[in-house]
Amino acid sequence: MLKDKVAIVTGSTSGIGLAIARELAQEGCHVMLNGFGNAMEIEELGHEFQSKFGIKVGYSPADMAKLDQIREMVHQTEKMFGSVDVLINNAGIQFTAPTENFPAEKWEAILSINLSAAFYAIQTALPGIQKRGWGRIINIASAHGLVASVHKPAYVAAKHGLVGLTKVVALENAQTDITCNALCPGWVHTPLVQRQIDDRAALEGISVEMATRELLGEKQPSLRFVQPDHLGKMVVFLCSDAGSSITGASLSMDGGWIAQ
Ligand code: NAD
């Protein structure tokens with residue numbers, strides 16, 4: 001369906017971004033991977049995508065905290081593949097602490113990587129997308145883009161900001177075939193969430209299994225994690241023709257989290 005389209009997926013060496021990149025590749029989309037990790041494993045991943053799905057794969061090591069590297073990633077993709085048609089702003093980090101103790105450097109890092117990076121990537125990719133007249137921009141926000149939780153001032157602020165940015169970009173391109181949407185997942189079992197589970201287990205002196213049950217029970221009525229590949233399939237749907245009227249939306253995939 002996305003044969004010969006080109007996607008950048010930031011933070012695609014792990015978790016949700018990796019699942020999204022895989023689903024796009026499966027649809028014939030060339031993919032620029034990005035994120036940190038073991039160089040050999042990333043190379044192997046590229047080879048796997050190429051041989052399984054017959055697409056082209058690139059890798060940009062750009063740090064999403066650095067404006068010049070974000071711009072370079074977009075330009076490198078345009079040079080390598082000829083365009084950027086699908087931009088998935090997914091890279092993100094987390095840190096939790098009460099607001100009065102929240103370290104300034106963590107605030108700055110989360111705002112840069114989880115919010116400003118998306119703005120800079122969109123700003124750099126948009127002129128080319130507008131010239132070609134077709135594009136899909138999908139920002140991976142969170143249930144925390146719509147509601148708050150304690151001890152996550154930077155994350156909640158950044159994700160609410162990302163939902164706002166999504167709406168502006170959608171409005172500015174509403175009369176074209178360029179859409180911009182936010183996905184708002186609840187708990188997805190990735191390294192980012194495993195760290196929160198491990199911290200909870202250590203703090204409360206309970207098992208990891210118990211901490212997992214508590215984490216889900218507190219917020220996610222389904223009591224099940226959201227599947228990363230389901231997020232990837234939602235991205236593919238938004239990229240389809242049937243998704244062309246969905247723009248400016250914040251789509252919850254959260255097992256009922258924000259329905260409460
Ligand atoms: P993850 O830790 O598994 O993956 C994060 C990815 O981002 C990795 O590839 C990492 O290398 C990359 N990354 C981190 N900092 C980067 C930087 N400075 N520059 C470039 N890449 C960087 O996390 P995940 O759970 O897959 O999270 C992906 C996105 O989904 C994040 O934006 C997160 O906020 C959001 N999200 C996650 C959940 C969840 O429950 N896991 C829920 C809602 C939203």
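When reading the values below, keep in mind they use all heavy atoms of this one structure, side chains included, and skip hydrogens, waters and symmetry mates.
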Heavy-atom side-chain contact between [X] and [Y] under 4.5 Å:
{"X": "Phe225", "Y": "Thr190", "result": "no"}
{"X": "Phe237", "Y": "Ile246", "result": "yes"}
{"X": "Glu172", "Y": "Val168", "result": "yes"}
{"X": "Asp198", "Y": "Val208", "result": "yes"}
{"X": "Val9", "Y": "Val235", "result": "no"}
{"X": "Val156", "Y": "His160", "result": "yes"}
{"X": "Met64", "Y": "Ser112", "result": "no"}

Any donor and acceptor pair, going by atom type alone, linking the side chain of [X] with main-chain N or O of [Y] inside 3.5 Å?
{"X": "Ser222", "Y": "Arg224", "answer": "yes"}
{"X": "Asn34", "Y": "Ala62", "answer": "yes"}
{"X": "Asp254", "Y": "Ile258", "answer": "yes"}
{"X": "Asn90", "Y": "Gly11", "answer": "yes"}
{"X": "Asn114", "Y": "Ile93", "answer": "yes"}
{"X": "Tyr120", "Y": "Ala65", "answer": "no"}
{"X": "Glu27", "Y": "Val236", "answer": "no"}
{"X": "Asn181", "Y": "Gly248", "answer": "yes"}
{"X": "Thr10", "Y": "Ala91", "answer": "yes"}

Is it true that atom [atom1] of [X] has more than 12 heavy atoms of other residues, nucleotides or ligands lying nearer than 6.0 Å?
{"X": "Gln175", "atom1": "CD", "result": "no"}
{"X": "Asp241", "atom1": "CG", "result": "no"}
{"X": "Met80", "atom1": "CE", "result": "yes"}
{"X": "Arg132", "atom1": "CZ", "result": "yes"}

Start with the C-alpha distance between Thr77 and Ser60, add both sets of side-chain angles, then the distance that settles side-chain contact (heavy atoms from CB on, under 4.5 Å), and finish with yes or no.
CA-CA 9 Å; Thr77 311; Ser60 161; 5.9 Å; no
State yes or no: do [X] and [Y] share one hydrophobic cluster built from I, L, V, M, F, W and Y residues joined by side-chain heavy-atom distances below 4.5 Å, directly or via other members?
{"X": "Val74", "Y": "Leu165", "result": "yes"}
{"X": "Val6", "Y": "Met73", "result": "yes"}
{"X": "Val169", "Y": "Ile8", "result": "yes"}
{"X": "Ile206", "Y": "Leu216", "result": "no"}
{"X": "Leu183", "Y": "Ile137", "result": "no"}

Checking side-chain polar atoms at under 3.5 Å, does Lys152 have a donor or acceptor matched by the opposite partner on Gln196?
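Distance-only check passes for Lys152 and Gln196.
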Is a side-chain donor-acceptor pair under 3.5 Å present for Gln130 with Asn173?
yes
Say you draw a straight line from [atom1] of [X] to [atom2] of [Y]; how long is it, rounded to the nearest 0.5 Å?
{"X": "Ile110", "Y": "Lys159", "atom1": "CD1", "atom2": "NZ", "answer": "10.0 Å"}
{"X": "Ser116", "Y": "Asn89", "atom1": "OG", "atom2": "CG", "answer": "11.5 Å"}
{"X": "His189", "Y": "Leu215", "atom1": "NE2", "atom2": "CG", "answer": "9.0 Å"}
{"X": "Leu18", "Y": "Asp229", "atom1": "CG", "atom2": "CG", "answer": "11.0 Å"}
{"X": "Asn139", "Y": "Leu162", "atom1": "CG", "atom2": "CG", "answer": "4.5 Å"}
{"X": "Leu2", "Y": "Asp85", "atom1": "CG", "atom2": "CG", "answer": "9.0 Å"}

Which salt bridge (charged side-chain N to carboxylate O under 4.0 Å, His left out) pairs, counting each pair once, include a residue from residues 42-51, with sequence neighbours left out?
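Listed by first then second residue: Arg22-Glu48, Glu48-Lys52.
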Give me the atom names and distance for the closest heavy-atom approach of [X] to [Y].
{"X": "Val188", "Y": "Val226", "value": "CG1-O, 3.2 Å"}
{"X": "Cys180", "Y": "Thr166", "value": "O-CG2, 3.5 Å"}
{"X": "Gln50", "Y": "Ile55", "value": "CG-O, 3.1 Å"}
{"X": "Ser240", "Y": "Arg136", "value": "O-NH2, 3.3 Å"}
{"X": "Leu24", "Y": "Val86", "value": "CD1-CG1, 4.4 Å"}
{"X": "Phe49", "Y": "Leu33", "value": "CE2-CD2, 4.3 Å"}

Below 4.0 angstrom, N of the basic side chain to O of the carboxylate: do Asp63 and Lys66 qualify?
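Salt bridge flag = yes for Lys66 with Asp63.
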Can you spot which of Phe102, Trp107, Tyr155 makes a ring-ring contact (aromatic ring centres under 6.0 Å, His included) with Phe95?
Phe102
Could you pull out all residues at least two apart from Arg195 that satisfy side-chain hydrogen bond (donor to acceptor under 3.5 Å, both in side chains)?
none
Look at the rings of His144 and Trp187 and say which category their plane angle falls in: under 30° parallel, 30 to 60° tilted, over 60° perpendicular.
perpendicular
Would you check, one step at a time, whether the test side-chain contact (heavy atoms from CB on, under 4.5 Å) holds for Gln76 with Met32?
CA-CA 9 Å; Gln76 185 194 343; Met32 177 60 93; 3.9 Å; yes
Criterion salt bridge (Lys or Arg N to Asp or Glu O under 4.0 Å) on Glu218 and Arg200, from CA distance to verdict
CA-CA 13 Å; Glu218 208 173 70; Arg200 179 188 279 252; 2.9 Å; yes
Pair Met253, Cys184 - check side-chain contact (heavy atoms from CB on, under 4.5 Å), show working.
CA-CA 6 Å; Met253 295 179 72; Cys184 299; over 6 Å; no
Evaluate the criterion side-chain contact (heavy atoms from CB on, under 4.5 Å) for residue pair Thr13 and Asn38; output intermediate values, then yes/no.
CA-CA 9 Å; Thr13 53; Asn38 178 291; over 6 Å; no
